[in-house]
Protein chains: 2
Amino acid sequence: MSTLSDALPETRTDRYHHGDLRAALLDAAVHVLAEQGVSGLSLRECARRAGVSHAAPYRHFPSKEALLAAIASQGFAWLYEVGVAAMAPIADPVARLDAYGLSYVQFALAHPQHFRLMFTSECTLVAPTAQEQSADRAYVLLRDAAAAVSAPGVDPDVAAVAYWSRPHGLAMLLLDARIPAVRMASPEALEELIRATVHGDRWTP
Amino acid sequence: MSTLSDALPETRTDRYHHGDLRAALLDAAVHVLAEQGVSGLSLRECARRAGVSHAAPYRHFPSKEALLAAIASQGFAWLYEVGVAAMAPIADPVARLDAYGLSYVQFALAHPQHFRLMFTSECTLVAPTAQEQSADRAYVLLRDAAAAVSAPGVDPDVAAVAYWSRPHGLAMLLLDARIPAVRMASPEALEELIRATVHGDRWTP
DNA sequence: CGCATATGTTGACATCAGCAACATTAAGAC
DNA sequence: GTCTTAATGTTGCTGATGTCAACATATGCG
């Protein structure tokens, strides 16, 4: 009776019931987002792509904002994972902060619309446990490294904020094309920019 | 014949011609923006507030995006002025960078929606001469101070980007409430945060 | 005065978010 | 197996919006 393929949430559009519409909607939304940005993202377009009527999404998301929040949430989980992966194998605090900044900016440049959405949606995001774990791990790694390079007496949380703000600001300015394109022409130039921003006066070329 | 009050662009709603609808629309838009954020800002609402029909704005702005760009442009002019005012009287590079960061973050916190819009609109903004002048002055001041505190051999433009990214990132994270409110509870705590972010390892509490 | 241009108005269209009423399916109780 | 119930999807509607076209009015210049 119950085969594996039955158990899997296949995406079957030939049925009245979709199978896993929620996931299909999120997937569609991510694609639209990457293609057309937030302004081009409508619930109806997502429904269209999922092969479903315009009101179907409301069975899975109470509002458009909720859909956006879910996407943002996914993005955060992803970002944190990337950050943890970049920092974990590195012991030296300076190198770790550098790696974090690099992974952060690279993520933003690779997924500009997604990244922007994450820091644009005004809603407070509900953090699933899995994401929270990654977030916590990323934060601890960042804070420890930041505290290690900070002068004695500096609140570790303050130092962590500082070393988060720096790549974040750089990423935002890069996305907004507020920085001459020359600065991003080569990977080396970009890395120089990141290092200078993250490491401040400690860094020399 | 031509009195002063005639020359002034008064806002008269009792006439078929408005007087200075463009300015009135910008003004209305700024107010709506502050009250309800970008999502609550519609051309029709601005027209309503200016006491004018829903299509009238199209005689002054080719699209909604153009209106938003104009507001963003105003915001940049304002930001640059604030930055110049904060930096100009200060000679010490470290203190000047600090003052810049402080004015930057304070501007963002004082006008959160406006600030967010400035760095959200995807359009390339047309820079009027007056704004460009302020922008240039601000950039020169910032770059000089950044170069002064940088290690020899660091590209001044790279240093400038670094010292722009830092307060920018902090401002963004603060606006997104991604930083515990405790950190902003008192002006002193906020200043500590700004200094730590801007001045990195150079700074001690 | 008379005309050209700038500025506003009215009405329309397509799209969208969201709601309500209805249809279909899946899952469990008996 | 059948019945019932909740979950899921559909159709149709409303009010708001951005944008356009056609029309109306004012302003300035000859």
Side-chain angles (χ1 to χ4, degrees), chain A residues 1-3 5-26 28-29 32-33 35-71 117 121-123, chain B residues 1-3 5-26 28-29 32-33 35-71 117 121-123:
Chain A
M1 300 284 146
S2 159
T3 69
S5 61
D6 280 333
L8 281 178
E10 279 187 23
T11 306
R12 286 173 286 206
T13 56
D14 56 328
R15 293 183 158 209
Y16 189 94
H17 278 57
H18 182 283
D20 193 358
L21 183 53
R22 189 191 151 90
L25 288 171
L26 285 174
V32 177
L33 186 64
E35 290 167 18
Q36 314 185 20
V38 217
S39 57
L41 206 172
S42 72
L43 276 184
R44 286 165 117 100
E45 173 65 19
C46 294
R48 242 171 266 136
R49 296 208 181 195
V52 114
S53 77
H54 68 236
Y58 285 91
R59 299 293 162 182
H60 299 271
F61 301 96
S63 68
K64 178 184 182 180
E65 210 184 24
L67 207 218
L68 295 182
I71 300 176
L117 171 68
S121 69
E122 291 147 5
C123 52
Chain B
M1 298 290 141
S2 159
T3 69
S5 62
D6 280 332
L8 281 178
E10 280 187 21
T11 308
R12 287 174 284 204
T13 57
D14 55 330
R15 294 184 159 208
Y16 188 94
H17 278 58
H18 182 282
D20 193 358
L21 182 54
R22 191 191 148 89
L25 287 170
L26 284 174
V32 176
L33 185 65
E35 290 166 18
Q36 313 185 23
V38 216
S39 57
L41 206 171
S42 72
L43 275 185
R44 286 166 117 102
E45 173 65 19
C46 293
R48 242 171 265 136
R49 295 209 182 193
V52 114
S53 79
H54 67 243
Y58 284 88
R59 300 294 161 179
H60 300 271
F61 301 96
S63 68
K64 178 184 182 180
E65 212 184 23
L67 206 216
L68 295 182
I71 301 176
L117 172 68
S121 70
E122 291 148 5
C123 52

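Chain A is the first sequence line, chain B the second, and so forth, proteins listed ahead of strands; every chain is numbered from 1. Keep in mind that the numbers below use all heavy atoms, side chains included, and drop hydrogens, waters and symmetry copies. Computed from a predicted model, the values in this text were never measured in an experiment.
Rounded to whole Å, the distance from CG on B:Leu25 to P on C:dT7 is 12 Å. Nucleotide C:dC19 holds its C1' atom 19 Å from the CZ atom of A:Phe61, rounded to whole Å. Distance B:Lys64 NZ to D:dC20 C1': 17 Å, rounded to the nearest Å. Atom CZ in A:Arg59 sits about 15 Å away from atom P in C:dT25, given to the nearest Å. For the pair B:Glu65 CD and D:dT19 C1', the interatomic distance rounds to 14 Å; values are reported in whole Å.
Nearer to the 5' terminus of DNA chain D, by closest-nucleotide assignment, is the contact made by A:Ala56 (compared with the other of A:Ala56 and B:Leu41). Along DNA chain C, the nucleotide nearest to A:Gly40 and the one nearest to B:Leu21 differ in position, and the one closer to the 5' end is contacted by B:Leu21.
You'll find that the side chain of A:Val52 is closest to D:dT10, out of D:dT10, C:dA17, C:dT9. Residue B:Tyr58 places its side chain closer to D:dT19 than to any other of D:dT19, C:dG18, D:dT8.
Between B:His60 and C:dG8 there is a side-chain N or O to OP1 or OP2 distance below 4.0 Å.
Residues B:Leu67 and B:Leu26 meet the side-chain proximity criterion, which asks for heavy atoms closer than 4.5 Å.
With sequence neighbours excluded, the residues forming a side chain to side chain contact (heavy atoms under 4.5 Å, CB included) with B:His54 are B:Arg44, listed by chain and number. Looking at residues two or more places apart in sequence or on another chain, you find a side chain to side chain contact (heavy atoms under 4.5 Å, CB included) between B:Ser53 and B:Ala56. Annotation: side chain to side chain donor-acceptor pair (under 3.5 Å) contacts of A:Arg22 (sequence neighbours excluded): none. Listed by chain and number, the residues in a side chain to side chain contact (heavy atoms under 4.5 Å, CB included) with A:Ala55 amount to none (sequence neighbours excluded).
Every pair passing salt bridge (Lys or Arg N to Asp or Glu O under 4.0 Å) that includes a residue from residues 46-55 of chain A is listed here, sequence neighbours excluded: A:Glu35-A:Arg49, A:Glu45-A:Arg48, A:Glu45-A:Arg49.
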Taking only nitrogen or oxygen atoms into account, show me every contact under 3.5 Å that the protein makes with nucleotides 11-15 of chain C, one pair per line with its distance.
residue: C:dG11; atom: O6; partner: B:His54; partner atom: NE2; Å: 2.7

